[in-house]
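Right, one structure below, let's go through it.
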2 protein chains.
Amino acid sequence: MAARSSDDVRGYMRFNRFRKIVALSREEICREIYLQNRDRIKIKKEKVAIANLVKIFNATLALSNKKGFHAMSLRDLSKETGLSMGALYSYFSSKDELVDIIQTQGRRVTAQVLHDQIAHADRPREKLRRAIISHLYLSEVLYPWFYFSYMEARNLSKKQLKKAIESELLTERIFVDILKRGSEEGIFAFPDTNLTAAVIKAVLQDWYMKRWKYASRGTSVEDYAVFVVDFVENFILA
Amino acid sequence: MAARSSDDVRGYMRFNRFRKIVALSREEICREIYLQNRDRIKIKKEKVAIANLVKIFNATLALSNKKGFHAMSLRDLSKETGLSMGALYSYFSSKDELVDIIQTQGRRVTAQVLHDQIAHADRPREKLRRAIISHLYLSEVLYPWFYFSYMEARNLSKKQLKKAIESELLTERIFVDILKRGSEEGIFAFPDTNLTAAVIKAVLQDWYMKRWKYASRGTSVEDYAVFVVDFVENFILA
DNA sequence: GTCTATACATAGATAGAC
DNA sequence: GTCTATCTATGTATAGAC
């Protein structure tokens, strides 16, 4: 397959290009969170609010991913952000709300980016490749978010837990749909659609769950992406 | 490949046979824990101690896997086991010790079973197959243990965390060694040994981390095992 | 061996001064 | 908007009766 752009190689989008295209700075994410939760957040000056939200989410993710959300006390969070306990409660009304906001925003961004990236492709093979690569790249850009979402799914309220499960199945569904279409077109052939999609997801999740392992071996996200595409295509290409 | 036993199919050991061979009842595991920690456990009547240890570990795993070890209070544990707070502290001296005991025992059993199962095979292809299948079957038998170990690795002490990482790499090492030997013998061919082993591990872990998903779809551990072996062999067979 | 009662620390959350 | 001070609940852990 020919390269589509000077900074792509063998049809694989480069990580840096992806990064620029999706352009997800922490500040932009926090701005979205702010606009989405204007009613709940007591601070009305947008600039102040966003700057502190960045601090709060960065600190929450850092502390939680180190020792768990439940083990992170609000006093820890207070120290890490430089904000007092009282100030923190101007940005969220309970610890549960804090975790819900993070999860909700993470899901929103993931669904949107994946959807956009796949829409650009047409044929099933290209769609599958883009789905795999953009999922890996996104989990690299938003690593703390992805790790957090996986590890803290248990601590959610019933309502939020239901949403988390829906989200897991939705992502898997994207792969199921691509696989089915490729199968109908005679391009793909495999024994079981659900299992194939599940295995793809498992491999994608390992990237952010075992980051320490890959980092210590010098495996880049691009290396991993090429390998995974190869691995999967080897199994399903007719 | 011919079946080696009346209850094996196409060279795959059946789950029930594995279960009988390894014979890991909760009581036996707790007996081993008791003998291993005789100095720390204050109760000297073996029968009493083991019966209560079964209660304690069952309850700890159930509660922790539901809402996290840190979120499980000792009052929760007291209620679930029917033992008082005071009684609990006759079996462990702190919450940290409790989590350490569970992790240590889980690792011990896993290493031993995997080692035994692989020793029975000779050729690399058979070795790989046995490694995959016995890992899946073991994680099915000890599901709460495996889930707990994955989720609670963060909460460990430095010393225990080091052991957990070693254990992860040890298991992966088993696959690396088999892959290398197969490669040398010209039976296997693949682009990267470490990545191949990592991907196999990722797929094995998904079985116990996403158990709800597979259960809801009626996928049995045998279905999954056959699929994974197929998936992996498709990639590596020369 | 197991219980009850309790000590002591730390958690989440809020009120009111600035 | 942010801080300090403080309330109340809940946590781990232990002492001593039975």
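Below, chains carry the letters A, B, ... as their sequence lines are ordered, and counting in each starts from 1. Being a predicted model, the structure only gives us computed values, none of them experimental.
Counted by atom type alone, N37(B) and Y91(B) present zero donor-acceptor pairs between their side chains at under 3.5 Å. Between the side chains of Y143(A) and N65(A), no donor-acceptor pair of N or O atoms lies under 3.5 Å.
Both D76(A) and S84(B) lie close to DNA chain C; mapped to their nearest nucleotides by heavy-atom distance, the more 5′-ward contact belongs to S84(B). When each of I43(A) and A71(B) is assigned the nucleotide of DNA chain D with its nearest heavy atom, I43(A) is the one assigned upstream, toward the 5' end.
One cannot find a donor-acceptor pair under 3.5 Å joining the base of dT10(D) and the side-chain atoms of R75(B).
Listed nucleotides dG11(D), dG1(D), dT2(D) differ in distance to K44(A); the shortest reach to its side chain belongs to dG1(D). With dG11(D), dA13(C), dC3(D) as the candidates, the nucleotide lying closest to the side chain of A87(A) is dC3(D). The side chain of M85(B) lies closest to dA13(D), out of dA13(D), dA13(C), dT2(D). Here dG11(D) is the nucleotide among dG11(D), dT2(D), dA11(C) with the atom lying nearest to any side-chain atom of S73(B). When each of dT14(C), dT4(C), dT2(D) is scored by its nearest atom to the side-chain atoms of Y89(A), the top-ranked nucleotide is dT14(C).
Taking the six-membered ring for Trp, Y147(B) and Y208(B) have ring centres at least 6.0 Å apart.
Atom pair K42(B):NZ and dT2(C):P shows a separation of 12 Å (rounding to whole Å applied). Atom P of nucleotide dC8(C) and atom CG of L74(B) are separated by 19 Å, given to the nearest angstrom. Straight-line distance from the NZ atom of K67(A) to the C1' atom of dA11(C): 12 Å, rounded to whole Å. dG1(D) atom P lies 11 Å from atom CD of E46(A), rounded to whole Å. For the pair K95(B) NZ and dG11(D) C1', the interatomic distance rounds to 8 Å; values are reported in whole Å. Nucleotide dT2(D) holds its C1' atom 8 Å from the CG atom of L83(A), rounded to whole Å. As rounded to whole Å, 17 Å separates atom P of dT10(D) from atom CE of M72(B). When rounded to the nearest whole Å, the span between CD of E97(A) and P of dT14(C) equals 11 Å.
Residue contacts shown for F92(B) are absent, as no nucleic acid heavy atom lies under 4.0 Å away.
Only one option out of T219(B), V226(B), V221(B) pairs with D223(B) in a side-chain contact (heavy atoms from CB on, under 4.5 Å); it is T219(B).
The aromatic rings of Y89(A) and F92(A) are tilted relative to each other, their planes meeting at an angle between 30° and 60°.
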